[in-house]
Amino acid sequence: QVQLVESGGGLVQAGGSLKLSCTASRRTSTNNGMGWFRQAPGKEREFVAAINWKGDTTDYTDSVKGRFSISRDNVKGSVYLQMNNLKPEDTAVYYCATARSVYGGTRGMNYQYWGQGTQVTVSS
């Protein structure tokens with residue numbers, strides 16, 4: 001069992017920045033892809049960003065391209081989501097997840113372990 005712990009969420013004004021962090025309890029996650037998802041109130045969980053095990057392949061949902069950046073540090077067993085130029089519609093609980101393989105892509109079913117989530121609130 002791998003436990004994931006997210007941090008870095010909070011309240012920020014539109015146009016501001018936040019950096020989310022996610023650390024795995026075991027180093028085995030370094031061989032797996034990682035992803036970030038989010039869920040806004042009353043909405044389904046949606047894909048935000050994904051990164052492969054080496055960190056040289058990434059993907060983003062269209063609404064965050066050019067504003068968000070996913071990265072990882074396999075030495076620390078961590079994955080990050082740098083969020084710039086935040087918008088009110090980015091408000092959600094953000095979850096990190098460990099893929100079942102070296103790259104999970106955009107589908108939640110490709111991910112095996114999930115964190116508890118961190119709240120991001122963007123005020124207008």
Side-chain angles (χ1 to χ4, degrees):
Q1 185 81 14
V2 175
Q3 292 185 324
L4 303 173
V5 179
E6 302 102 333
S7 61
L11 174 63
V12 64
Q13 288 187 334
S17 299
L18 284 174
K19 185 175 184 178
L20 304 184
S21 300
C22 173
T23 301
S25 60
R26 295 197 306 168
R27 292 285 297 277
T28 53
S29 66
T30 59
N31 297 320
N32 296 78
M34 299 290 292
W36 286 96
F37 292 75
R38 66 187 180 187
Q39 186 168 21
K43 295 187 177 181
E44 294 186 353
R45 182 183 65 194
E46 67 170 348
F47 167 78
V48 177
I51 189 167
N52 71 337
W53 72 283
K54 290 195 295 184
D56 59 1
T57 298
T58 60
D59 194 13
Y60 301 90
T61 191
D62 286 345
S63 64
V64 308
K65 286 181 180 177
R67 300 188 297 122
F68 289 13
S69 177
I70 188 172
S71 61
R72 66 187 298 161
D73 183 335
N74 286 343
V75 174
K76 295 182 178 180
S78 297
V79 63
Y80 309 97
L81 185 67
Q82 177 66 48
M83 306 185 294
N84 298 326
N85 191 21
L86 282 160
K87 303 177 180 180
E89 52 263 43
D90 294 319
T91 295
V93 177
Y94 283 70
Y95 301 90
C96 71
T98 301
R100 300 178 188 275
S101 65
V102 296
Y103 183 64
T106 66
R107 301 175 68 185
M109 65 182 297
N110 294 338
Y111 293 81
Q112 183 176 14
Y113 299 110
W114 296 79
Q116 82 289 350
T118 186
Q119 177 70 47
V120 172
T121 303
V122 185
S123 63
S124 58

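All residue numbers in this chain count up from 1 along the given sequence. Side chains are part of it too, since the values below use all heavy atoms of this structure and drop only hydrogens, waters and symmetry mates.
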Checklist entry - If you link I, L, V, M, F, W and Y whenever their side-chain heavy atoms are under 4.5 Å apart, who else ends up in the same group as Y80? => result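 For Y80, no cluster forms, as it stays isolated from other hydrophobic side chains.
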
Checklist entry - Partners of T23 by side chain to side chain donor-acceptor pair (under 3.5 Å), sequence neighbours excluded? => result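 For T23 the side chain to side chain donor-acceptor pair (under 3.5 Å) partners, ignoring immediate neighbours, are S78.
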
Next on the checklist: Going by the rule side chain to side chain donor-acceptor pair (under 3.5 Å), which residues pair with S7 if we only count those two or more places apart in sequence or in a different chain?
Outcome noted: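 So S7 forms no side chain to side chain donor-acceptor pair (under 3.5 Å) with any residue.
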
Rounded at 0.5 Å granularity, tell me how far [atom1] in [X] sits from [atom2] in [Y].
| X | Y | atom1 | atom2 | value |
| --- | --- | --- | --- | --- |
| S124 | Q13 | OG | CD | 9.5 Å |
| S63 | K87 | OG | NZ | 8.0 Å |
| T106 | D59 | OG1 | CG | 7.0 Å |
| W36 | L20 | CH2 | CG | 4.5 Å |
| S21 | L81 | OG | CG | 9.5 Å |

Checklist entry - Are the side chain of T121 and the backbone of T91 linked by a donor-acceptor contact shorter than 3.5 Å? => result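 A pair under 3.5 Å: no.
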
Checklist entry - Is the backbone N or O of G55 less than 3.5 Å from a side-chain atom of N52, with the two atoms forming a donor-acceptor pair by type? => result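 It does hold such a pair.
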
Item to check | V79 vs I70 side-chain heavy atoms within contact, under 4.5 Å | outcome: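 A side-chain contact exists here, since the closest heavy-atom pair is under 4.5 Å.
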
Got a sec, which pairs hit disulfide bond (SG atoms under 2.5 Å apart) with one end in [range], sequence neighbours left out?
| range | result |
| --- | --- |
| residues 60-124 | C22-C96 |
| residues 37-68 | none |
| residues 49-81 | none |
| residues 36-65 | none |

Closest approach of [X] to [Y] (non-hydrogen atoms, all atoms of both residues):
| X | Y | answer |
| --- | --- | --- |
| S71 | I51 | CA-CD1, 3.7 Å |
| V120 | M83 | CG2-CE, 3.9 Å |
| A40 | A92 | N-CB, 3.8 Å |
| N85 | S17 | N-OG, 4.2 Å |
| K43 | Q39 | O-NE2, 3.0 Å |
| L18 | L86 | N-CD1, 3.8 Å |

Going by salt bridge (charged side-chain N to carboxylate O under 4.0 Å, His left out), name the residues that satisfy it together with [X], two or more places apart in sequence or in a different chain.
| X | result |
| --- | --- |
| K19 | none |
| K54 | D56 |
| D90 | R38, R67 |

Checklist entry - Which word best sums up how the rings of Y94 and F68 line up, parallel for under 30°, tilted for 30 to 60°, or perpendicular for over 60°? => result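 Tilted.
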
Checklist entry - Can you list every pair that meets side chain to side chain donor-acceptor pair (under 3.5 Å) and has a residue in residues 109-118, with sequence neighbours left out? => result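 As it turns out, the side chain to side chain donor-acceptor pair (under 3.5 Å) pairs with a partner in residues 109-118, which skip direct neighbours, are E6-Q116.
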
Checklist entry - Listed by chain and number, what are the ring-ring contact (aromatic ring centres under 6.0 Å, His included) partners of Y60, not counting sequence neighbours? => result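 Checked Y60 against ring-ring contact (aromatic ring centres under 6.0 Å, His included); zero matches.
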
Checklist entry - For atom CD of Q119, is the number of surrounding heavy atoms from other residues, nucleotides or ligands below 6.0 Å larger than 12? => result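 Enclosed: over 12 neighbouring heavy atoms sit under 6.0 Å from CD of Q119.
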
Checklist entry - Would you say R107 has more than 12 foreign heavy atoms packed within less than 6.0 Å of its CZ? => result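 Not more than 12 within 6.0 Å, no.
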
Next on the checklist: Is there a continuous path of hydrophobic side-chain contacts, each under 4.5 Å between heavy atoms, that joins V93 to F47?
Outcome noted: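 Yes, same cluster.
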
